Amino acid sequence: MAFELGDQDNDGMNEMNLIPLIDIMLVLMIIFLVTATVLNPTVPLDLPKTSASVNEQPPQVLQVSIDSQGDIYWDSQKISLEELQKRFTDEVAKGNDPQVHLRADREGKYDMVAQVLATASTAGLSKIAFVNE
């Protein structure tokens, strides 16, 4: 590496310093973006006016429970599988599509749960939910 000493520093700078120009361009771009969004914040839309209101009925819920011995309960009333079939068909015949909330004891047999599900399916009920705590 050689160092040159002497009076050869008289040469001018051949390159232009672009950093101040880039800074000004960035500041102007930010100012433009901020003012452009302030001037036109939304797209004007002419939406139709409606006066309809949603009149939603609360869903009817049928509570069916199965205890560990395999007994079936409609709310808190003990019923048989045949009586459950009759009540399910009566609910479908009324024209409502109720939800069935099925609660089954964890010690109970799966066979009784399957029979209750089959009974609800043959009656035409499709909204069945398993409830646990």
Side-chain angles (χ1 to χ4, degrees):
M1 236 168 31
F3 291 104
E4 293 185 17
L5 299 174
D7 291 332
Q8 296 178 359
D9 290 338
N10 295 338
D11 295 337
M13 192 165 99
N14 294 335
E15 299 174 0
M16 185 175 171
N17 189 3
L18 295 177
I19 293 177
L21 293 175
I22 294 172
D23 290 343
I24 291 172
M25 295 281 287
L26 288 174
V27 168
L28 288 174
M29 185 178 69
I30 291 172
I31 290 172
F32 174 73
L33 289 174
V34 169
T35 57
T37 56
V38 169
L39 293 177
N40 191 11
T42 61
V43 176
L45 294 176
D46 187 19
L47 298 176
K49 305 282 189 257
T50 62
S51 63
S53 63
V54 176
N55 200 6
E56 189 172 321
Q57 298 290 331
Q60 181 184 4
V61 177
L62 306 176
Q63 299 285 338
V64 178
S65 304
I66 303 171
D67 65 0
S68 60
Q69 286 79 28
D71 295 329
I72 303 170
Y73 292 89
W74 181 277
D75 289 330
S76 60
Q77 178 186 7
K78 183 177 175 180
I79 60 172
S80 65
L81 192 60
E82 293 78 21
E83 178 68 22
L84 182 68
Q85 173 70 34
K86 181 179 177 289
R87 290 189 183 192
F88 279 162
T89 53
D90 289 344
E91 290 295 326
V92 171
K94 289 180 185 175
N96 20 347
D97 189 19
Q99 294 180 357
V100 177
H101 286 185
L102 180 61
R103 298 170 190 252
D105 192 281
R106 84 169 100 182
E107 301 297 325
K109 296 181 179 179
Y110 177 74
D111 180 48
M112 185 54 69
V113 175
Q115 288 179 11
V116 170
L117 289 175
T119 302
S121 178
T122 56
L125 296 172
S126 60
K127 298 177 183 175
I128 302 172
F130 291 98
V131 181
N132 63 356
E133 284 125 18

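If you're wondering where the values come from, they're calculated on a predicted model, not measured in any experiment.
Taking 4.5 Å as the limit, every side-chain heavy atom of Val116 sits out of range of all side-chain heavy atoms of Ile128. Between Gln85 and Thr122, some side-chain heavy-atom pair lies under the 4.5 Å cut-off. When side chains are defined from C-beta on, Trp74 counts as touching Val64, because their heavy atoms get closer than 4.5 Å.
By the side chain to side chain donor-acceptor pair (under 3.5 Å) test, Asp111 is found to be paired with Gln115, residues two or more places apart in sequence or in another chain being considered. In this view, Lys86 and Asp90 satisfy the salt bridge (Lys or Arg N to Asp or Glu O under 4.0 Å) rule, not counting sequence neighbours. Under the salt bridge (Lys or Arg N to Asp or Glu O under 4.0 Å) criterion, Asp67 pairs with no residue, sequence neighbours left out.
Remark: Leu84 CG to Ile79 CD1 distance equals 4.5 Å, nearest 0.5 Å. Rounding to the nearest 0.5 Å gives a distance of 10.5 Å between NZ of Lys127 and NE2 of His101. To the nearest 0.5 Å, the span separating CG on Asp71 from OG on Ser65 amounts to 11.5 Å.
For CG of Leu21, the number of neighbouring non-hydrogen atoms (other residues, nucleotides, ligands) closer than 6.0 Å is greater than 12.
Partner of Gln60 under the side-chain hydrogen bond (donor to acceptor under 3.5 Å, both in side chains) criterion, chosen from Gln99, Glu91, Lys94: Glu91. When each of Ile22, Leu28, Val27, Leu26 is checked for a side chain to side chain contact (heavy atoms under 4.5 Å, CB included) with Ile24, only Leu28 meets the rule.
In plain terms, the two heavy atoms of Val113 and Ala104 that are nearest each other are CG2-CB, 3.7 Å. The two residues Gly70 and Met112 make their nearest non-hydrogen contact at O-CE, 3.5 Å. Scanning all heavy atoms of the two residues, the minimum distance from Leu125 to Val100 falls at CD1-CG2, 3.6 Å. Between Ala123 and Val92, the shortest heavy-atom contact is O-CG2, 3.3 Å.
A donor-acceptor contact shorter than 3.5 Å is absent between the side chain of Asp75 and the backbone of Gln77.
Tracing side-chain contacts under 4.5 Å through hydrophobic residues (I, L, V, M, F, W, Y), one never reaches Phe130 starting from Tyr73; they form parts of separate clusters. Cluster membership for Val131 and Val61, using ILVMFWY side-chain heavy atoms within less than 4.5 angstrom, is not shared.
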